[in-house]
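Side-chain atoms are counted along with the backbone in the values below, which use heavy atoms only and exclude waters and symmetry mates.
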Amino acid sequence: MLTITIILAILICIGVGYWLNINIGLLAISAAYLISTTMMGVSVKELVTYWPLNLFFIIFAVTFFFGFVIANGTMEKIARNAVFMARGMPSLIPFALYGLVLLVAGIGPGHYAVFVFLSPLVMSVASRTGMSRLLARSSSSPAAWPPPSPASAWAGA
């Protein structure tokens, strides 16, 4: 019975989210809360302990700021400037992207944010210049490995 209820809740969330153009994830979180507290007997206090708060905050913050950066045109402007600065020597574009990744990672937003923010930018530059996407991806990969800045929200994580 519980399995059928969960499957129906998922289908209802997808249908309502599609029909009303509402985020399906928010509907699913609400449905999970209702099912777990009413049908499964989980207390609210216990339910909150299951929630991965660190992961939620990272995803929320990165998504929020990424949307802001895209909406105000900052990503497009940075991509255009990176291509313009290497106009005489296109072979320097991967090194410029690598430097940009290290610079942003050094500021300290956290390696998740650097990876998420700069991957679309690097792919945009690659498509503008005809650069290999594999080369572009490898020039932005330091975002995954530099040590976090002490000023970062995730220092020591």
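Residues satisfying the side chain to side chain donor-acceptor pair (under 3.5 Å) criterion with Y50, sequence neighbours excluded, are E46. Residues forming a side chain to side chain contact (heavy atoms under 4.5 Å, CB included) with I6 (at least two apart in sequence, or on another chain): L2, I10, I35. A32 pairs by the side chain to side chain contact (heavy atoms under 4.5 Å, CB included) definition with nothing, not counting sequence neighbours.
Residue L8 is not grouped with residue M39 when hydrophobic side chains (ILVMFWY) are merged at heavy-atom distances under 4.5 angstrom, including chains of intermediate members. In this structure, W51 is not a member of the same hydrophobic cluster as V44, with clusters built from ILVMFWY side-chain heavy atoms closer than 4.5 Å.
Atom CG in L20 sits 8.0 Å away from atom CG in L27 (nearest 0.5 Å). For the atom pair I24 CD1 and I14 CD1, the distance stands at 6.0 Å (nearest 0.5 Å). One distance of note links CG of L53 with CZ of F56; it measures 8.0 Å at 0.5 Å rounding. Atom CG of L47 is separated from atom OG of S36 by 4.0 Å, given to the nearest 0.5 angstrom. Separating the CG atom in N23 from the CD1 atom in I29 is a distance of 8.0 Å, to the nearest 0.5 Å.
The neighbour count for M40 CE, taken as heavy atoms of other residues, nucleotides or ligands under 6.0 Å away, does not exceed 12. Atom CG of L11 is surrounded by more than 12 heavy atoms from other residues, nucleotides or ligands within 6.0 Å. For CG of N72, the number of neighbouring non-hydrogen atoms (other residues, nucleotides, ligands) closer than 6.0 Å is greater than 12.
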